[in-house]
Every structure is written in C-alpha cells, then in structure tokens.
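Below is one structure, written out as structure tokens; the observations come after it.
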2 protein chains.
Amino acid sequence: MGPQANRPIKALLTMEEILNDLHENEGATVTAVAERIDRPKSVVHDYLSTLEQLEYVVNDDGSYRLSLRWLDRGCKVRDRVSIYDLMIPELRRLAGELSNEMVSFAVEEEGSVVALEVIQSREDIEYETNAGMRFPIHCSGAGKAILAYQPEERIDSIIERHGLPEFTEKTITTREELVEELEEIRQNGVSYEYGEYHSGMATISAPILTPDDTPLGGISITGPERHMSEPEVKSTLSNKLLSKVNIIELNYSGRN
Amino acid sequence: MGPQANRPIKALLTMEEILNDLHENEGATVTAVAERIDRPKSVVHDYLSTLEQLEYVVNDDGSYRLSLRWLDRGCKVRDRVSIYDLMIPELRRLAGELSNEMVSFAVEEEGSVVALEVIQSREDIEYETNAGMRFPIHCSGAGKAILAYQPEERIDSIIERHGLPEFTEKTITTREELVEELEEIRQNGVSYEYGEYHSGMATISAPILTPDDTPLGGISITGPERHMSEPEVKSTLSNKLLSKVNIIELNYSGRN
DNA sequence: ACCGGCGTTCGACATACACGAACATTTACG
DNA sequence: CGTAAATGTTCGTGTATGTCGAACGCCGGT
C-alpha cells in the first residue's frame, strides 16, 4: 500500500474494495459482492454500473468480472518504460540461445521488482513467473542488481518500507549482508541468487545502466539450481547476459 | 464506452478523467492535470494522493504516472481467460514453424476483438499490434472467425453498437456482405482478411470452439499481403492453423 | 400461481466532496 | 544570497452527492 492520503476520496476506497472482490471471486453478482463487503446492494449496484460504463468491468449474463481494459492500460504503461522496446529483441535472442532456462526483464517500482517480460524455457518446467508480477527486491536476481546501483539512502528507505522478509534459509535478512553483496555485484557487474526466494531455483542477472550509472532495469536467466551451479556454466551465462546488456546500453545511449 | 449508468458515482468519473490525462500525458504534475481537466488543484491533489495510496499511480519525484499495477491486474485478467494456458504452447509452436509472420491469439469482449498474445515475426517488420490492443471485429481475421459462431441476434447487437466503420476500400461495410462471409467461414473453418483493416496486410485466422460450437477466441497468422496471396501458401497456413486449433480444442474438452 | 432470490429504482438524509484561499515548499533568477 | 514565482499541501465551509433502506419488477423454481 502506498503512503496514506490525508483526505482520501472515500468513493475510490469503496471502488477498490469492490474491484478487489471481483479480482478474487470470479463471476460475482451484485448481491454476492454486497454481502462480502457488507454494504447495501444499491450501493454496489451504483458502483458496478459506473465501473461498467467506464469499461473497467463487464457484465457477462448477470455476473461481473474485470474487463480486458486492464490489460490494455497495463501494456501501455509497460511500453512506456524507457528501454522496453530496445530490450525486447535482445531478450528474445538470449532466449533463443538458452532454450533450457527462463529469461526475463524486470524493473523496480516502489521498492519491489516487477517482471515486464518473461520468456519461459522450452523445457516443461513452468515457472509461476508472469509478466506483471511483483517480487521482493532483496531476494531477486534482478532486484539485487538494480539495488546495487541505487544511492544508499534509497536502499535504506526501501528496507524501511518493505523490510527484509525471509523466504528460505538462504534469504539475506540483514542490512550488512545485503550491502556487502551489493558491493560484490558492482565489482562483477552481475548478481547471483541461489535459492534465496524459492529453494532449488537460481537466477543470474545483470543491471541495465544509463551512461551515468542509473539503473533502468535488469535482465535475468532463471533455472533449476542444479543447471546453474557449475562454475563454467555460471561464467558462460554471465558473459551472455553482459553482452546483451552491452548492446542494449549502446542502443540506449545512441538514441538520446 | 459501456452502457450509461443511471446514477453514476461522480467521483469515479472524475477519477477516470484524471487517469486518462495521466495516460495521455507522461510525467504529469498536479497543476498540469488540474489545468487540463479544469478543476481546482486541491481536488486533483486529493484524487492523486488517494490513487497513490491505492497504488494505481506512483509519484516519481513530483510527477505522477500510472503504476505497473495495471499490468499486474491486466495479466491476471488475461490468465483467467479459460483457454489461455492451453493456447500458449501451441501458439509458440506455430510461431516457431512460421518465423516470417506474426501469430496471435484474440478473444471477443463487448463487441471488439482484444489481442491477448502476440508473437512478432523474426523479420524486422514490427507490426503495431500488441497484447491488450482492441480492434474492430468486422475487419479482423480473428474477429470474423469468432463472429461466425455467434447467434445472429448477438451479431446484430454488435453491429448496432459499433457499426461497420470503413478503414480501407476493402472493408466490409454492410450487414449482408458480412453475413455472407460468415457463412463461408463456417464452411471453411478459417477466415481470411486481406487489407480490410490496413492496406497491404493480411490475416488468416481460425476460431477455437467448445464442443457445442461456442467460440472461445481465435488464433491468427498475419503478414504482408504479398506473402499470403499464393493459393498454396494460403492452404498451407490454413492447415497449420487448423491443426493447432484441433490440439487446443482436444485439450480443452479433455479437462472439463 | 405462488414464492424466493436477484437486480433495479427511488426519496430522503447526512456526509463527504468540491471549492477557494491561505500556507508551506521548492525552484528560478537576479 | 535573497527575492519572487510556481508548485504542492492544508483546511474550513456549503452544498451537491453518495449512502441507505424500502419497495418494485423480473425471472426461475417448486
């Protein structure tokens, strides 16, 4: 949740309750929503019909659901991310070279990592990572890569806001450890994440930087830990990442 | 725009004005938005801070923009489309076989066609088609394929709502022509669209149907008209489409 | 035909939103 | 460094408007 507004518009909070309910409960009727959020039917009706007019929800034969307009807006927001278009072809090329692992591109927003593009591996392992998903920054490969190039004050404010929650026994949970690792990332140019979020899974990532070292995002290779542990594999993958990043950064500075 | 609500919640209409403004104008400040939508700064401020609290917008150093939460919600809505997960692997396989053309999957919503997945061709032609985008149903390949399996009354209500606007000289603009073509599509099992929306571009599509012939969506192959005109190419591509559709439909009926 | 459930409409009240002015904060410029 | 302009934020007030409950109409089931 974002910072508290001093005088929030209550109608928007009510709307949010209703949208969340629709999000969680598929095919919701006016009465069902009204009961769950504990409000008169008439109120829910007025909100839903307004949201329908605005095309945020659609009414399929009596039950409401969120419309695909959310996807439209979402994709437009994504396309507006500065390097999105430059990154896509390189990410595809990378995926072509590594058909056994998942590759992805992520950016930071409000202290979390958001995956903007995910290309699944051709193996039958389906990771539950999808475009749009948010992850904690301190135990994600791309997150640590991005964090490594943030000013220290920003790092602290992110820690303050989200904490360093533990997901596995390998998760970094103290500021000191994290700062130390970020220093290492700055030296290597790549970040490693071995089972810090999901046991058995590993990610190698590299940040994409502007000429003055502001992080724009990060690209990652994710796979089962056993695929990624051998030192020569680690260095091969790291080099592949860095070469793609290099191309993206060159194209980026070339157009400004 | 959806059907008019009798008693719309005005606060939501105001919110929409502000969100649309943010959508159109990158990096908008409170004052700038207030001037454009002609309202007091204080009002815009209250709305934006509420929207920030709800994480629909973020405040990067003073200027607001839509957040990536829209992407998150949008992708979840998309993933909820019944055959989305079954369709993806087949669409990828199709794209692999046809590296020179764009392939896509679309569904109908409120009388328009919405692209849910777009895999660009490996050629350097970049179509401006992206996930989430909406298209008129009567001059899109997938749209006509889906329309062919709708009850006649539904077809009429869609025509009534959206009309049959002309985009090129080849666009179908009369109900009679359309109905005739839909009959043909039902016979072939595939639909063709040659320059009806964008001159010089062509699409071949096939509908995905439930066992009782309810259309769930359509998959398409799109490319320059010159690639797709030869009769043998036309039939090869049609067959490829139909074989993928077959697999998807089998998997679909297999899990219910 | 009756009953129960659901969506919808409507009038009335109290509240919460819209407004403008004033205050705080940042930026621009001499 | 100091002043001015522009922007973001706070706040009191009147009234428009969201909230509520009750009643109506519609449909499907028994």
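Chain naming here is simple, since letters A, B, ... match the order of the sequence lines and numbering starts at 1 in each.
For C/dC17, the OP1/OP2 oxygens have no side-chain nitrogen or oxygen of B/Y47 closer than 4.0 Å. The phosphate of C/dG7 has neither OP1 nor OP2 within less than 4.0 Å of any side-chain N or O from A/H45.
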Pairs under 3.5 angstrom, nitrogen or oxygen only, protein versus nucleotides 21-25 of chain D, please.
from, atom 1, to, atom 2, distance (Å)
D/dG21, O6, A/S42, OG, 3.0

Taking N or O atoms only and anything under 3.5 Å, show me the protein contacts with nucleotides 14-17 of chain D, one pair per line.
from, atom 1, to, atom 2, distance (Å)
D/dT17, OP1, B/K10, NZ, 3.1
D/dT17, OP2, B/K10, NZ, 3.2

Can you check nucleotides 24-29 of chain C for protein contacts, nitrogen or oxygen pairs under 3.5 Å, and list what you find?
none

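Remark: A/R134 engages A/E109 in a side-chain hydrogen bond (donor to acceptor under 3.5 Å, both in side chains) (not counting sequence neighbours). Under the side-chain hydrogen bond (donor to acceptor under 3.5 Å, both in side chains) criterion, A/N188 pairs with no residue, sequence neighbours left out. B/E160 pairs by the salt bridge (Lys or Arg N to Asp or Glu O under 4.0 Å) definition with nothing, not counting sequence neighbours. Residues satisfying the side-chain hydrogen bond (donor to acceptor under 3.5 Å, both in side chains) criterion with A/R36, sequence neighbours excluded, are A/D21. Evaluation of the salt bridge (Lys or Arg N to Asp or Glu O under 4.0 Å) rule for B/E52 yields no partner, not counting sequence neighbours. Under the rule for a side-chain hydrogen bond (donor to acceptor under 3.5 Å, both in side chains), the partners of B/D60 that lie at least two apart in sequence or sit in another chain are B/R65. Residues meeting the salt bridge (Lys or Arg N to Asp or Glu O under 4.0 Å) test with B/R7, sequence neighbours left out: none.
Rounded to an integer number of Å, the gap from CD1 of A/I37 to C1' of D/dC20 is 14 Å. Going from atom CD1 of A/I18 over to atom C1' of C/dG7 covers 15 Å, rounded to whole Å. The interatomic distance linking A/L13 (CG) with C/dT15 (P) rounds to 18 Å, in whole Å. Spacing between atom CD of A/E52 and atom C1' of C/dG7 amounts to 12 Å, rounded to whole angstrom units. Rounded to whole Å, the distance from CG on B/L48 to P on D/dT10 is 14 Å. Between A/E35 atom CD and C/dG5 atom C1' there is a gap of 11 Å when expressed in whole angstrom units.
Nucleic acid contact for B/S49: none, since no nucleic acid atom lies under 4.0 Å from a heavy atom of the residue. Contacts of B/D46 with the nucleic acid, taken as non-hydrogen atoms under 4.0 Å apart, are absent.
With the end axes of the helix from C/dA1-D/dT30 to C/dG30-D/dC1 each set by five pairs, the angle from one to the other reads 40° at 10° resolution.
Here the NZ atom belonging to A/K144 is positioned 6.0 Å from the CD atom belonging to A/E193, to the nearest 0.5 angstrom. Atom CG in A/L86 sits 9.0 Å away from atom CD1 in A/I208 (nearest 0.5 Å).
For D/dT19, its base sits under 3.5 Å from the side chain of B/R7 at one donor and acceptor pair at least.
A donor-acceptor pair under 3.5 Å links the side-chain atoms of A/S191 to the main chain of A/G141, judged by distance alone. In this structure, the side chain of A/S205 does not engage the main chain of A/S220 through any donor-acceptor pair within 3.5 Å.
Checked by atom type, the side-chain pair B/Y56/B/R73 shows a donor-acceptor distance below 3.5 Å.
Of the charged side-chain nitrogens involved, none lies within less than 4.0 Å of a carboxylate oxygen, so that B/K76 and A/E24 do not count as a salt-bridged pair.
Applying the ring-ring contact (aromatic ring centres under 6.0 Å, His included) definition to pairs two or more places apart or across chains, those involving residues 133-159 of chain B are B/F135-B/Y197.
The nearest heavy atom of DNA chain C to A/A28 and to A/L12 marks one nucleotide each, and the one closer to the 5' end goes with A/A28.
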